[in-house]
Amino acid sequence: MIVMKFGGTSVGSAEAIQQVVEIVRKYRERDLLVVLSAMSTVTDSLREMAAEACGGTEPSSSLSALRKRHDETIRALAEGEERNRALEVCEGLIDELSGILHGITLLKELSPRSVDLVSSFGERLSVVVVSAALRSAGLSSLPVDAREYVKTNERYTEAEVNFAETERRLSAGLVPMVSDGRIPIITGFIGSTDEGVTTTLGRGASDYTASLVAGAIQAEEVWIWTDVDGAMTADPRMVEDARVLKEISYLEAAEMSYFGAKVLHPMTMQPAVKQEIPIRIRNTFRTENGGTVISSRTFEAPLGVKAVTSIDRLCLIVVEGTSLSRTPDTHARLFKTTAERKTQVIMITQASSEHDICLVVDEKDSQGTVRALKKEFRHEVAEGSLEEISVQPDLAVVAVVGGGMKGTPGIAARTFGILGEHGVNIIAIAQGSSELNISFIVERNDLQKTVQLVHASFGLGEDGDFE
Ligand code: ADP
Ligand code: ASP
Ligand code: MG
């Protein structure tokens, strides 16, 4: 069995879905399970509709556009009974969504729980469209709502999966469908709590759904079909001569995605690694290319580094003062405060003097986190053992990643040397003991230049000595 996941662009239009149908047809004999994202931009648009409704205006024109897009795609791909049935199901879903948005408009209130419910419609619609297209092409498929199978906690918008229960349900529910000769077309991204309330697993998490399914049914492989040729040495939108990495390890892929390589959700590796299920990344629109294979195997890059990744729109929170070195529980209180707020701390740096500690967080988390820290440490700030907590906005983190970095000297010197020569100011640096990456903070304005310089300095581009 092979689990195939198609991302937003791959199901973004009738032409793209036609391509999906051809891919499914080609590999049909290998017993497929398909996981889908919403059609491209639909999740963003659903969230905007929810926000508009919360402001008191019904998002009628966006809702009509959503209806029209799905309706036209079905008409272009399906015929007869299949077409009518799919149109009817989509119509029902849009009506349900309309009712929910109406409720939000009246209440002028939008909880993370409601955001998840509204966001879930993208995948619930796309599975109906694609399944109808496959059936019209003579491929026996059926849409599957993952909320019945993927069980999570109540951390809305970033729900955590209950692995044991989810595995049990996925394997009991999906394997018989495949044995019956059918292709399950499963919603990515969504799950539900024990009480059946809709949750989502985080933005871009359909990749994660695919590997959860693969782990549960012990698939041979997971194939992530997307709009680029594979995991690359850098984001091709940022570095023109970025190259495809033919083979990387689970650890390298996890590190790259954690530090911003959007091509894979960072949790994707977790269910696959346990059973050593290889993950392939392939281009839906260039099927002739082999893509990237992620497994326990990897290759050695001449200079140890395989990719340069980045995360934009970050802030640095600085906590400084004598309390850090003199009062051992200051650190504990600091991280208790961020944990209680569920702030994701992307990077931490502290010099050995222990005079200050810097936390790097997403800009959307910064205000709330600073407010919570100021409250927690108000006495220390008042008595002067801590300075006023400060924030530096408009930053980005850049990470240099590669399994071969361990034990290769000179990587930091090469990275910072080239940046020094070109006048890029490094604001903070971190390296984990795994030595799989070095990450550092620069100003947002320097981001693209930094990634390009570092990428070139490790010979990762087209004309570098690198395979
Ligand atoms: P999908 O909708 O198929 O899930 P995504 O937009 O989530 O696709 O991910 C694919 C995008 O990831 C690419 O279009 C590319 O711009 C971006 N990307 C960022 N970093 C990398 C990288 N290192 N390698 C490949 N793609 C990357
Ligand atoms: N549709 C969801 C998102 O846009 C999940 C995904 O595409 O993987 O975040
Ligand atoms: Mg994605």
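For ligands, and for the atoms within them, numbers begin at 1 and follow the listed sequence. Residues: numbered from 1 along the sequence shown. Being a predicted model, the structure only gives us computed values, none of them experimental.
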Taking the side chain from Lys246 and the backbone from Phe299, do they hold a donor-acceptor pair closer than 3.5 Å?
no

Quick check: does any side chain N or O of Thr233 sit under 3.5 Å from a backbone N or O of Arg243, one acting as donor and the other as acceptor?
yes

Check [options] against [X] for a side-chain hydrogen bond (donor to acceptor under 3.5 Å, both in side chains) and give me the one that passes.
X	options	value
Ser10	Asn283, Thr284, Thr226	Thr284
Lys306	Glu255, Glu252, Glu247	Glu252
Asp71	Arg69, Arg67, Arg75	Arg75

Identify which of Gly230, Ala261, Gly7 has a heavy atom lying nearest to atom 25 (C) of ligand 1.
Gly230

For [atom], grab the closest protein heavy atom and report residue, atom and distance to one decimal in Å.
atom	result
atom 5 (P) of ligand 1	Lys262 NZ, 3.9 Å
atom 26 (N) of ligand 1	Val263 CB, 3.5 Å
atom 21 (C) of ligand 1	Asp235 CA, 3.7 Å
atom 14 (O) of ligand 1	Asp227 OD1, 2.9 Å
atom 2 (O) of ligand 1	Gly8 N, 3.1 Å
atom 23 (N) of ligand 1	Met232 O, 3.1 Å
atom 4 (O) of ligand 1	Lys5 NZ, 3.0 Å
atom 3 (O) of ligand 1	Thr226 OG1, 2.7 Å

So is there a nitrogen or oxygen of Val228 less than 3.5 Å from a nitrogen or oxygen in ligand 1?
no

Does any N or O atom in Arg237 lie less than 3.5 angstrom from one in ligand 1, N or O only?
yes

For ligand 2, which atoms have a heavy atom of [X] less than 4.0 angstrom away?
X	result
Thr43	1 (N), 2 (C), 3 (C), 4 (O)
Glu123	1 (N), 2 (C), 5 (C)
Arg203	3 (C), 4 (O), 9 (O)
Ser37	6 (C), 7 (O), 8 (O)

Could you check whether any heavy atom of [X] sits closer than 4.0 Å to an atom of ligand 1, since that is the contact criterion I want to use?
X	answer
Ser206	no
Met238	no
Ala234	yes

Any Ala205 heavy atom less than 4.0 Å from ligand 2
yes

Under 4.0 angstrom from ligand 2, any heavy atom of Gly204?
yes

What heavy-atom pair brings [X] and [Y] nearest, and what distance separates the two atoms?
X	Y	answer
Arg25	Ala137	NH1-O, 3.4 Å
Asp116	Thr200	OD1-OG1, 2.7 Å
Val24	Leu32	O-CD1, 3.7 Å
Phe6	Val11	CB-CG1, 4.1 Å

Measure the spacing between CG of Leu395 and CD1 of Ile346 and express it to the nearest 0.5 Å.
11.0 Å

Students often mix this up, so state it plainly: with edges at 30° and 60°, are the rings of Tyr27 and Trp225 parallel, tilted or perpendicular?
tilted

For the 3.5 Å polar cut-off, considering only N or O atoms, please tell me whether Ser206 and ligand 2 meet it.
yes

Leu93, Val42, Val89, Val128 screened by side-chain contact (heavy atoms from CB on, under 4.5 Å) with His70, the one that passes
Val42

Within the supplied structure, the quantity of interest is the number of heavy atoms (other residues, nucleotides, ligands) at a distance under 6.0 Å from Glu165 CD; does it exceed 12?
yes

